[in-house]
Number of protein chains: 2
Amino acid sequence: MARPELSIGEVLQLLQAEFSDVTISKIRFLEAEGLVTPARTASGYRKFAAADVERLRYVLTAQRDQYLPLKVIKEHLGALDRGLRPAAGGPPIAPSTTDAGPAADDFGATGTDLSLTKAELCAAAGVSTALLAELESHGLIVADGKHYGGDAIVVAQVAAELSAYGIEPRHLRPFRTAADREVGLIEQVTGPRRTDQTQELAALTVRLHTALVRSRLPR
Amino acid sequence: MARPELSIGEVLQLLQAEFSDVTISKIRFLEAEGLVTPARTASGYRKFAAADVERLRYVLTAQRDQYLPLKVIKEHLGALDRGLRPAAGGPPIAPSTTDAGPAADDFGATGTDLSLTKAELCAAAGVSTALLAELESHGLIVADGKHYGGDAIVVAQVAAELSAYGIEPRHLRPFRTAADREVGLIEQVTGPRRTDQTQELAALTVRLHTALVRSRLPR
DNA sequence: ACCGGACCTCAACCGCTGGTAGAGGGTTGA
DNA sequence: TCAACCCTCTACCAGCGGTTGAGGTCCGGT
C-alpha cells in the first residue's frame, strides 16, 4: 500500500512484456499528445496510477491491432471519458464513431452505439432542446426510453444546418417515411434481427438512394 | 459495344461521387503500389473493368472508415484474391456510402458528366440489357437522349446486387419517388440551376437520409 | 492536317505522423 | 557523494501517402 503509483520506468517494465516496442520516450510522447495525463510528484516526476497504465495499454493495443491513428484513439478515449459507453466491438473497449468528429460511417463491423441523454445529445449536436423536441414530434428522432442513439446526433446536426436554408423539421417528414419504407424492405428480406446481411443491404440501399439523388440533381 | 472498360478519368468521376478526395494521381499511385492492376490499351492507356473499380472502392473505403494503411489493405485484397474470406474486422465489400465526414463532402466535387451508351453502361455495371430495360421502365434510370450519366452505373450495379437478395426493380420505385421529392425540396430552395448550394444541400439531405436509415435499422 | 484535351512516365518534392536523440540539468536513495 | 533515474526542450528523422511538373504520346473533332 506504500505507493500505488508507478514511475515511468516501472510502467515501461510493465508494458514491455506486452508491447515490445514501447519506450520511455514514447510514453512521454503520448502524454505530450494528450493521450494520457499522469499525476506528478512535487518535484515533477510522473506518477502513473493503475488507470493510467490501463489507458496506455488501450492506446498501444489500438495502435498495434487496429492500426488506428493517435488522433482517432484520442477521440475514442475522450468519448469514453465523457461517459459515452459504446456497445460492442473492438479491443479492451469499443471505439466510438459518431461525434462531431471525422468520418466513419459504415454500416458494418464497427457498429457502435452510443447512448445519450437528452442534454448530451443537444450538447453533442449543438442544437436547442426546442429543435430536438420538434424533431421528435415529427418522428425524425426517437428516444429509446430516456436515451438516444449516435445517429440522432447526425440527424440533429443536419436538421440544424438545413434550417439555415429555411428547411424546417416539418419539411423533413418525407425523409422519415422514406427511411421507414427502406428499412421495411430490408427487414422483409433479412428478418427483424440485425445481421451482417442487414448491414450490407442497408449500405446498398443507401448507395442507391445517393446515386438516384445525384442523377436527378439539375445538371 | 466498343468499350466496356473505363478510362482513368471516367473512373475518377465515378469514385468522386463517393470519395471526394480521390484524384487521378492517387489512382495511379495505388496502381504503383500494386493495389489495383487495370489492363492497358495497345498504346498504354489504363482501362478499368468494373472489378477494378470495385477494388478501388474497397481500398478507399478501408482507408476512410477503418484507417487501414495501404500495406494492410493490400494484404486483405491478396487474401480475398486467394479466395479467403477476410477474418476479423474487415468489411466484406459493401461498406459505407455518404460520409458524415470532415470538411469535404461527396457532392462538392466536379459534375459527373460521363456519357455512356447503353452498351457501355451495361458493360461497366456488369448488368444485362434486360435489367437495364426494367430499371428504365420503373424510372430508376433515365437516358438523356441516347446517353446515360455516371450515376446510372451505380444504380445499375446496386440494383444487380439487390436482385441477389430477391429485391427487384419494381420494389425500388419508392426510392425513385423519395429521390424526386428530395431533389424537389432542394430545388425549391436553390432554384432549378445547379450551384454550390445545390450540392451542399444535397450532401446534407443524403446525410440525413443515411442517418435516419441507420437509426431505424434493427438493433 | 492539325489542335486541344486526356493520357502516359518518371523523378523530385512535400506535409504529416510518430516518434528518436541528446544536450543540459534536477532528484533520490544508498 | 555518486550512480541511477527522472525532467524539459529543441532538433532531427524515416516512412507513408501522396502531389507536382516536365516532357512526351494518343485520339477525336473540324
Side-chain angles (χ1 to χ4, degrees), chain A residues 2-3 5-16 19-48 52 56 59-75 102, chain B residues 2-3 5-16 19-48 52 56 59-64 66-75 102-104 110-117 120 147 150:
Chain A
R3 214 187 31 154
E5 278 120 353
L6 305 173
S7 75
I8 194 168
E10 292 168 319
V11 170
L12 180 66
Q13 296 300 326
L14 259 185
L15 292 177
Q16 271 187 336
F19 309 93
S20 49
D21 66 336
V22 67
T23 62
I24 290 223
S25 108
K26 185 163 179 172
I27 296 173
R28 291 206 266 246
F29 175 77
L30 292 176
E31 182 187 7
E33 295 296 302
L35 287 156
V36 60
T37 36
R40 299 294 185 122
T41 67
S43 59
Y45 278 32
R46 290 171 182 81
K47 41 180 193 180
F48 293 81
D52 295 317
L56 283 172
V59 171
L60 295 170
T61 308
Q63 244 192 338
R64 187 191 56 191
D65 296 350
Q66 315 200 162
Y67 308 96
L68 294 183
L70 294 184
K71 212 181 0 176
V72 173
I73 298 174
K74 189 177 173 183
E75 278 165 26
Chain B
R3 223 193 16 159
E5 281 114 354
L6 303 173
S7 76
I8 195 168
E10 292 168 319
V11 170
L12 179 67
Q13 295 297 328
L14 258 187
L15 291 176
Q16 273 188 337
F19 308 93
S20 47
D21 67 336
V22 67
T23 61
I24 290 222
S25 102
K26 186 164 180 171
I27 297 173
R28 292 208 263 245
F29 175 76
L30 292 176
E31 181 187 6
E33 294 297 300
L35 289 158
V36 59
T37 35
R40 299 295 185 123
T41 67
S43 59
Y45 279 31
R46 290 170 181 82
K47 41 181 193 177
F48 294 81
D52 295 318
L56 284 171
V59 171
L60 295 169
T61 306
Q63 253 194 325
R64 187 190 60 187
Q66 332 234 139
Y67 307 95
L68 295 184
L70 293 184
K71 213 183 347 176
V72 173
I73 298 175
K74 190 176 173 184
E75 279 165 25
T110 57
T112 304
D113 277 350
L114 288 189
S115 182
L116 305 160
T117 67
E120 285 170 343
H147 292 268

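Below, chain A is the first sequence line, B the second, and so on; all start at residue 1. As the structure is a computational prediction, the values presented were derived from the model and not from experiment. Side chains included, hydrogens not; waters and symmetry mates left out as well; all remaining heavy atoms used.
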Under 3.5 Å donor-acceptor, A:Q16 side chain and A:Q13 backbone: no
Sugar-phosphate, base or nothing in reach of A:T41, heavy atoms under 4.0 Å: nothing
Mind calculating the distance between [atom1] ([X]) and [atom2] ([N]) to the nearest angstrom?
{"X": "B:F19", "N": "D:dG18", "atom1": "CZ", "atom2": "P", "value": "13 Å"}
{"X": "A:E33", "N": "C:dT17", "atom1": "CD", "atom2": "P", "value": "9 Å"}
{"X": "B:F29", "N": "D:dG21", "atom1": "CZ", "atom2": "P", "value": "18 Å"}
{"X": "A:L70", "N": "C:dT17", "atom1": "CG", "atom2": "P", "value": "10 Å"}
{"X": "A:L68", "N": "C:dG18", "atom1": "CG", "atom2": "P", "value": "10 Å"}
{"X": "A:I27", "N": "D:dT8", "atom1": "CD1", "atom2": "P", "value": "13 Å"}
{"X": "B:Q13", "N": "C:dG5", "atom1": "CD", "atom2": "C1'", "value": "14 Å"}
{"X": "A:Y67", "N": "D:dC16", "atom1": "OH", "atom2": "C1'", "value": "15 Å"}

Side-chain N,O (B:Q63) to OP1/OP2 (D:dG18) below 4.0 Å: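 Checking B:Q63 against D:dG18: at least one side-chain N or O falls below 4.0 Å of OP1 or OP2.
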N/O (side chain, A:S25) to phosphate O (OP1/OP2, C:dG19) under 4.0 Å: no
Check ion pair B:K74-B:E33 (N to O, under 4.0 angstrom):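 So B:K74 does not pair with B:E33 through a salt bridge.
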Cationic N near anionic O, under 4.0 Å, A:D52 to A:K47: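 Judged by the 4.0 Å cut-off on N to carboxylate O distance, A:D52 and A:K47 do not form a salt bridge.
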Worked verdict on A:Q63 versus A:L68 for side-chain contact (heavy atoms from CB on, under 4.5 Å): CA-CA 5 Å; A:Q63 244 192 338; A:L68 294 183; over 6 Å; no
Rounded distance (nearest 0.5 Å) linking atom OH of B:Y67 with atom CD of A:Q66: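 So the gap between those two atoms works out to 11.5 Å.
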Atom pair CG (A:L30) and CG (A:L35), whose distance is rounded to the nearest 0.5 Å: 5.5 Å
Sequence-aligned protein contact record of nucleotides 1-7 of chain D, with B where the base is within under 4.0 Å of a protein heavy atom and S where only the sugar-phosphate is: ----BSS
B:V59 vs B:L70, side-chain contact (heavy atoms from CB on, under 4.5 Å): CA-CA, chis, key distance, verdict: CA-CA 8 Å; B:V59 171; B:L70 293 184; 4.2 Å; yes
